[in-house]
Amino acid sequence: MPSDFIRDIVAADLAAGKYKQIHTRFPPEPNGYLHIGHAKSICLNFGIAREFAGICNLRMDDTNPTKEDVEYVDSITEDVNWLIRGWADDRLGMKLKGKTPESRQVNGKQDSYLPPVLDPSANAGQASSLPPSPNANAAGGRQDACSTLEPFYASDYFGPVYEYALQLVKKGLAYVCDLSPEDTDKYRGAPDRPGQDSPWRNRPIDENLDLFVRMKNGEFPDGARTLRAKIDMASPNIWMRDPVLYRIRHAEHHHTGGAWCIYPMYDFAHCLSDYIEGITHSICTLEFEVHRPLYDWILQNLDLPRPRPHQYEFARLNLSFTVMSKRKLLQLVNEKRVSGWDDPRLPTISGLRRRGVTASALRAFAYNIGITKYNGLTDVAVLEHAIREDLNQSALRRLAVLRPIKVVLTNYPEGKTEELDATNNPEDPNAGTRKIPLSRTLYIEQDDFMENPPPKYFRLRPGGEVRLKYAYIIKCEEVVRDASGKIIELRCVADLDSKSGGPTANRKVKGTVHWVSAAHAIDAEVRLYDRLFTVAEPDATGDFKLHLNPHSLEVVTAKCEPSLKDANPDLRYQFERLAYFALDKDSRTLTGHPRPIFNRIITLKDTWAKEAAKR
RNA sequence: UGUCCGGUGGUGUAACGGUAGCACAAGGCCCUUUGGAGGCUUUUGUCAUGGUUCGAAUCCAUGCCGGACAGCCA
């Protein structure tokens with residue numbers, strides 16, 4: 001079980017009896033696709049819900065209609081579900097489709113509350129030791145729940161949030177300001193210089209009320225007025241200098257349509273959304289640290305009958321050799337530097353998924369990097385290690401040759417084929433074995449033969465011996481070239497007694513090489529992905545696109561063992577001695593595509609490459 | 001020259017006043033029908049200076065360094 005300062009706080013709060021149940025939330029804005037930095041946050045928020053028998057709501061933080069889109073809502077929902085499936089999906093708080101907060105009276109105070117609904121079909125088959133949520137059955141039957149559940153939307157709270165704004169106005173804690181955006185800027189001052197009061201700051205309450213209602217009714221154009229909190233223009237904290245609470249935007253909203261023309265700002269909507277959903281621990285990234293006093297101010301100054309949520313901040317993920325900002329990712333997508341948001345080279349969750357990275361690998365990565373308040377740079381090698389570790393356990397081993405060179409076994413009978421046993425996964429005895437065909441003509445990897453090898457090279461060379469994995473030891477006797485001098489064929493003699501179980505099976509040969517029978521091989525398109533950038537910090541200086549890796553994608557036609565024609569899109573494969581692969585979605589969607597398409601997820605560790613690089 | 005938050009090997013993290021540990025990376029060795037996996041092993045660290053204490057990475061002070069904040073974005 002992970003441990004970090006936030007979980008310490010949660011545990012202490014629980015021990016002190018501060019809350020009956022922990023309630024977190026994951027609140028992305030639907031203005032882009034989720035990336036691995038979000039995965040860290042998802043694992044934190046859902047991990048806490050899971051470990052402390054709580055709930056984590058999925059919420060669209062959609063208060064800015066001009067930047068958001070349902071495409072993003074859908075991708076976010078899919079990515080979150082994929083990442084937590086079978087792990088914390090039974091802790092996922094959703095709501096009934098179309099449901100908005102209920103208004104009620106609590107201790108004589110007006111309250112708005114929208115409790116979560118858990119999907120009763122989640123984590124099916126796994127006996128859960130967690131206590132059932134009080135709301136677990138609110139949706140009724142299992143089928144019902146699945147079809148009628150949806151994420152929370154901050155925009156579903158526009159009604160109550162507007163009411164809360166009215167409450168502040170009536171208390172003299174908010175006012176309508178007529179300053180232009182430029183003047184608002186000027187009046188704000190600077191970090192080391194106090195701001196000035198707006199000339200509209202002391203507008204009478206009745207006038208504020210009247211104006212705010214008319215703002216809502218659409219009487220004023222965009223930017224004409226704002227609703228501002230009345231706090232302190234001289235505060236050393238910029239966010240306390242009468243922050244804007246509402247702005248006018250005559251824009252269609254992806255979720256509320258044309259219902260509103262004023263929209264609450266993040267700071268006003270977020271704390272209230274947390275409150276309305278009954279969130280106990282509102283976890284966000286470090287840049288919101290300076291907003292916390294405002295978060296607390298708003299909640300404190302409203303008459304709220306239920307316990308208030310509290311905000312805690314942790315350091316966002318920075319990963320070497322990639323970019324993480326939505327703006328930059330969007331730029332790569334829009335400028336077609338990559339094929340789309342789910343390009344396998346991108347650090348987006350959908351990209352990683354398409355590449356073949358598993359959800360469990362991502363979770364392991366999130367666990368390994370921990371949670372702190374220190375803003376560092378995580379080496380992408382840590383991610384790569386988590387992926388390899390996960391795949392080593394589960395991937396099916398197969399033989400495939402990416403860059404073939406022909407080998408003829410001169411002493412092997414023409415037309416003969418034999419079936420050899422090959423291990424499906426040495427890490428998992430239950431994975432069993434399969435048959436692979438061997439015949440006189442084979443392919444091996446070009447890299448596995450060198451005419452004049454350097455020291456410590458122990459693959460095939462003229463006159464040298466090498467083991468064909470699962471098969472015979474062969475000796476290279478002749479190198480055949482075409483007219484241009486290019487090597488086109490290796491003629492080898494096989495030790496026909498050296499097969500597993502044979503008399504000379506235990507002869508020590510330094511190298512073992514993968515191969516595929518030429519007559520039986522199937523072709524596959526193989527997409528070899530590499531890091532998208534050539535430098536550790538592409539956005540450190542200047543234009544990050546200058547550091548794009550021109551070799552981040554190479555496509556080859558590989559020769560594969562025949563069993564791979566039935567490759568399963570849900571499984572991962574290790575092409576032995578090379579890398580891990582997964583079937584690309586194009587294999588299914590490109591109708592009539594003549595052959596499977598494999599994405600390289602991650603190479604195997606290559607000690608020889610490292611050795612060779614030293615020269 | 002403002003406020004807030006940080007600073008532990010190359011990187012990321014743990015140690016909650018009591019032996020500075022783990023992972024990744026790097027190097028070496030063993031093993032190997034994957035130069036994979038696995039096993040063993042080495043190098044490298046508490047920002048600085050004072051103070052409190054029997055004892056400080058931890059508490060206090062000062063300094064130094066780094067990050068965040070001046071959208072009607074989130």
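A note on names: the letters A, B, ... follow the listed sequences, proteins ahead of strands, and every chain is numbered from 1. Source: prediction; values computed, not measured.
- Within 4.0 Å of R459(A), counting heavy atoms only, lies at least one base atom of the nucleic acid.
- Among the protein residues, Y457(A) comes within range of the nucleic acid bases, having at least one heavy atom under 4.0 Å from a base atom.
- If you check every strand for non-hydrogen atoms under 4.0 Å, R397(A) touches a base.
- Contacts of T184(A) with the nucleic acid, taken as non-hydrogen atoms under 4.0 Å apart, include base atoms.
- Among the protein residues, S498(A) comes within range of the nucleic acid bases, having at least one heavy atom under 4.0 Å from a base atom.
- In this structure, the nucleotide among G2(B), A74(B), G35(B) sitting nearest to the side chain of D192(A) is G2(B).
- Residue P27(A) is classed as having no contact, given no heavy-atom separation below 4.0 Å to the nucleic acid.
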Under 3.5 Å between N/O atoms: give me all the protein pairs with nucleotides 39-46 of chain B, atom names plus distance.
none

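- With a 4.5 Å cut-off on side-chain heavy atoms, T603(A) and R388(A) count as touching.
- Ring geometry for F581(A) versus F575(A): interplanar angle under 30°, hence parallel rather than tilted (30 to 60°).
- RNA chain B is contacted by both P236(A) and I369(A); P236(A) maps to the nucleotide lying nearer its 5′ end (nearest heavy atom per residue).
- Within the 4.0 angstrom heavy-atom criterion, base atoms lie near E576(A).
- Among the protein residues, A609(A) comes within range of no part of the nucleic acid, since none of its heavy atoms lies under 4.0 Å from any strand.
- The residue Y374(A) sits close only to the backbone: its heavy atoms come under 4.0 Å of sugar-phosphate atoms, none of a base.
- Using cut-offs of 30° and 60° on the angle between ring planes, the pair F288(A) and H291(A) is perpendicular.
- Nucleotide G36(B) forms a pair with no other nucleotide shown, judged by Watson-Crick or G-U wobble geometry with both contacts under 3.5 Å.
- Within the 4.5 Å cutoff, no side-chain heavy atoms of H385(A) are placed close to those of K605(A).
- At C72(B), one or more side-chain N or O atoms of R188(A) fall inside 4.0 Å of OP1 or OP2 (strictly under the cut-off).
- Residue E29(A) is classed as a sugar-phosphate contact, given heavy-atom separations below 4.0 Å to backbone atoms only.
- Looking at heavy-atom distances under 4.0 Å, S180(A) makes contact with a base.
- Between K456(A) and N31(A), it is K456(A) whose nearest contact on RNA chain B lies nearer the 5' terminus.
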Please encode protein proximity along nucleotides 14-26 of chain B as a string of B, S and -, counting only heavy-atom distances under 4.0 Å. S-B-------SSS
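- The gap from the C1' atom of U8(B) to that of C65(B) amounts to 15 Å, rounded to the nearest Å.
- Close to G36(B), at under 4.0 Å from its OP1 or OP2, lies a side-chain N or O of T607(A).
- Base orientation of G71(B): syn (glycosidic angle within 90° of 0).
- Among the heavy atoms of the strands lying under 4.0 Å from Q574(A) is at least one base atom, whether or not backbone atoms are also near.
- Using cut-offs of 30° and 60° for the angle between ring planes, the H253(A) and H255(A) rings count as perpendicular.
- Put simply, R241(A) has no side-chain N or O that comes within less than 4.0 Å of OP1 or OP2 on U3(B).
- For the pair R249(A) and Y263(A), the cation-pi test (distance below 6.0 Å, angle within 45°) is failed.
- Side-chain proximity of V290(A) to C73(B), A37(B), A68(B): nearest is A68(B).
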